[in-house]
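First the structure, in the form of C-alpha cells, and then the observations on it.
All heavy atoms count here, side chains included; hydrogens, waters and symmetry mates do not.
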Amino acid sequence: QVQLVESGGGLVQAGGSLSLSCAASGRTFSTYAMGWFRQAPGKEREFVAVIRWNGYSTYYADSVKGRFTISRDNAKKTVYLQMKSLKPEDTAVYYCAAGQDTSYSGSYYYQSPSKYDYWGPGTQVTVSS
C-alpha cells in the first residue's frame, strides 16, 4: 500500500551536516506516522526519530536530540531528516519507515520497529573522523 525510497546518504566528515529524504507513494499516505531508523554493521536496528501526520508532533532518540531534525511535506508525501554535528557513531544505513498513526498513542510509542508496516531499502551515511 505504501512504497518508500530514501535518498541523500553519503560521506561526511565529523562535525558536518547531511540531509536525508524519504519519498512515499501509494494510497492514503496521510494515515501513517513516519519514522527514521538506522543500523550500523554488526548492530541491531535502532530508532532515530518519528513525526506524526496528525498533530505534527515529533519524538527523538536521546542520542540524536539537538542534532537531528525530522520534518515532512505532506503535499509532496516526503519526510526529511536533517542531521548536523555528525559523529562517527552516526555511521549506519538509515531507513525510512511508515506505520499506521494511532491518534491516542504518544509519539514515543513509535520508537519500536514493530509499530511500522513498511520500510524503505535504506541509504548509507558514513561519518569520517
Side-chain angles (χ1 to χ4, degrees):
Q1 187 172 345
V2 177
Q3 295 184 116
L4 308 172
V5 59
E6 305 92 341
S7 62
L11 176 65
V12 63
Q13 292 188 15
S17 300
L18 198 65
S19 293
L20 306 181
S21 298
C22 174
S25 62
R27 191 177 299 174
T28 61
F29 178 74
S30 62
T31 192
Y32 294 100
M34 301 299 299
W36 285 98
F37 288 75
R38 66 187 183 185
Q39 187 168 21
K43 301 185 69 176
E44 295 185 348
R45 190 167 299 186
E46 65 175 343
F47 169 78
V48 175
V50 63
I51 186 167
R52 311 286 292 278
W53 295 103
N54 264 353
Y56 303 89
S57 61
T58 59
Y59 182 71
Y60 297 89
D62 289 341
S63 59
V64 305
K65 285 182 179 178
R67 299 189 299 119
F68 290 13
T69 302
I70 188 170
S71 60
R72 92 284 181 266
D73 187 327
N74 192 49
K76 295 182 178 180
K77 295 184 177 180
T78 303
V79 63
Y80 307 92
L81 184 68
Q82 183 180 177
M83 305 180 292
K84 64 179 182 180
S85 301
L86 284 163
K87 306 173 181 179
E89 51 262 45
D90 294 318
T91 296
V93 175
Y94 282 70
Y95 297 92
C96 179
Q100 188 169 354
D101 196 318
T102 305
S103 61
Y104 53 81
S105 298
S107 293
Y108 61 87
Y109 176 81
Y110 291 93
Q111 69 184 133
S112 173
S114 66
K115 307 308 177 183
Y116 297 85
D117 303 305
Y118 305 97
W119 296 81
T123 185
Q124 177 70 46
V125 173
T126 303
V127 184
S128 62
S129 301

- request: Assess whether side chain to side chain contact (heavy atoms under 4.5 Å, CB included) is satisfied between Thr69 and Tyr60, documenting all intermediate values.
  value: CA-CA 9 Å; Thr69 302; Tyr60 297 89; 3.9 Å; yes

- request: Using the side chain to side chain contact (heavy atoms under 4.5 Å, CB included) rule, take Gln82 and Ser17 through it: C-alpha gap first, then chi angles, then the decisive distance, then the call.
  value: CA-CA 8 Å; Gln82 183 180 177; Ser17 300; over 6 Å; no

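Tyr95 and Ile70 are not part of a single hydrophobic cluster, where members link through side-chain heavy atoms under 4.5 Å apart. Hydrophobic clustering (side-chain heavy atoms under 4.5 Å, transitive across Ile, Leu, Val, Met, Phe, Trp, Tyr) keeps Val79 apart from Tyr59. One hydrophobic cluster holds both Val48 and Val127 under the rule that ILVMFWY side chains link at heavy-atom gaps under 4.5 Å. Both Val93 and Val50 belong to a single network of hydrophobic side chains, linked directly or stepwise wherever heavy atoms of I, L, V, M, F, W or Y lie under 4.5 Å apart.
Counting non-hydrogen atoms of neighbouring residues, nucleotides and ligands closer than 6.0 angstrom, the NZ atom of Lys65 exceeds 12 such neighbours. More than 12 heavy atoms of other shown residues, nucleotides or ligands fall within 6.0 angstrom of atom CD in Gln39.
Interatomic distance, CE of Met34 versus OH of Tyr118, reported as 11.5 Å (0.5 Å rounding). Put simply, CD on Glu6 and CH2 on Trp119 are 10.0 Å apart, with the number rounded to the nearest 0.5 Å. To the nearest 0.5 angstrom, Phe47 atom CZ is 13.0 Å from Tyr108 atom OH.
Nearest heavy-atom pair across Arg52 and Ser105 is NH1-O, 2.8 Å. Between Val125 and Gly9 the shortest heavy-atom distance is CG2-CA, 4.2 Å. Here the closest non-hydrogen pair linking Pro113 and Phe37 is CG-CE2, 3.6 Å. Closest approach of Leu4 and Pro121 over heavy atoms only: O-CD, 3.4 Å. Of all non-hydrogen atoms in Val2 and Ala24, the two that sit nearest each other are CG1-CB, 4.4 Å. Taking every heavy atom of both residues into account, Tyr80 and Ser21 meet most closely at CD2-OG, 3.3 Å.
With hydrogens and angles ignored, the 3.5 Å screen pairs a side-chain donor or acceptor of Tyr116 with a backbone N or O of Tyr110.
Contacts classified as side-chain hydrogen bond (donor to acceptor under 3.5 Å, both in side chains) and involving residues 120-129 (residues at least two apart or in different chains) are given here: Gln124-Thr126. Within the structure, side-chain hydrogen bond (donor to acceptor under 3.5 Å, both in side chains) pairs that include any residue of residues 83-94 comprise Arg38-Asp90, Arg38-Tyr94, Arg67-Asp90 (at least two apart or interchain).
Side-chain rings of Phe68 and Trp36 stay apart, their centers remaining 6.0 Å or farther from each other.
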